[in-house]
Amino acid sequence: MNPWLKYSIVRLGLFAVVLGLLLVLRFDPFWATLIAAVVGFCVSYLFFAPLRRKGALDLAARRSRPAKLDAASVAEDGAIADDADADRARRTDDQA
């Protein structure tokens, strides 16, 4: 399982448990939700730092990988670059 997905599930589960406990204790739903969010954030920040770090590294690694392009995308990128070069050359000729 992806580390960022595991971290998200743990945080949501912690939030749900705290919220359920507060609602069983008959807290106002607005305040129970707010308290559960703060408690969930604090506990996950303090005790799940290694899992959060693994998730961040996984997302950074995914983001840094170059995108795999198919032939149509490469051709389209080349056409856009050629059009930009032609526009730049036309502007240079117009200014001279």
Side-chain angles (χ1 to χ4, degrees):
M1 180 183 295
N2 291 332
W4 58 270
L5 184 60
K6 185 186 280 187
Y7 179 68
S8 298
I9 290 171
V10 167
R11 283 194 68 181
L12 285 173
L14 181 64
F15 171 78
V17 167
V18 173
L19 180 62
L21 179 67
L22 291 174
L23 290 176
V24 166
L25 295 174
R26 300 202 183 266
F27 272 76
D28 179 41
F30 173 77
W31 291 109
T33 304
L34 189 64
I35 292 168
V38 170
V39 168
F41 170 75
C42 291
V43 169
S44 65
Y45 186 77
L46 292 173
F47 297 109
F48 300 127
L51 190 57
R52 183 181 69 243
R53 196 171 304 112
K54 286 179 189 175
L57 291 174
D58 182 55
L59 288 176
R62 285 174 181 244
R63 184 73 177 127
S64 66
R65 283 187 221 147
K68 295 179 182 175
L69 299 177
D70 58 351
S73 296
V74 172
E76 183 179 355
D77 290 347
I80 291 171
D82 291 343
D83 289 344
D85 290 341
D87 287 342
R88 202 173 304 116
R90 184 176 39 86
R91 276 188 257 132
T92 304
D93 291 342
D94 290 344
Q95 290 176 355

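Model, not experiment: these values are computed from the prediction.
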Over all heavy atoms of both residues, which pair between Leu22 and Ala36 is shortest? Give the atoms and the distance, please. CD1-N, 4.1 Å

Could you give the distance from CZ (Phe15) to OG (Ser44), rounded to the nearest 0.5 Å? 12.0 Å

Might you point out which heavy atoms bring Tyr45 and Arg52 nearest each other, and give the distance in Å? O-NH1, 3.3 Å

Under the 4.5 Å side-chain heavy-atom rule for ILVMFWY, direct or indirect, which residues accompany Trp4? Met1, Leu5, Ile9, Leu59

Does Leu46 belong to the same Ile/Leu/Val/Met/Phe/Trp/Tyr cluster as Val18, with side-chain heavy atoms less than 4.5 Å apart forming each link? yes

From Asn2 atom CG to Lys54 atom NZ, the distance as rounded to the nearest 0.5 Å: 13.0 Å

Indicate if Leu25 and Val43 have the same hydrophobic cluster label, given that clusters are the connected sets of ILVMFWY residues with side-chain heavy-atom separations under 4.5 angstrom. yes

Do Phe48 and Val38 belong together in a cluster built from hydrophobic side chains that touch within less than 4.5 Å? no

Distance, nearest 0.5 Å, that separates CG of Leu19 from CG of Leu14: 11.0 Å

Nearest 0.5 Å, what's the CG-CZ distance between Leu57 and Arg53? 8.0 Å

Between Leu12 and Leu34, is there shared hydrophobic-cluster membership here, with clusters defined by ILVMFWY side-chain heavy atoms closer than 4.5 Å? no

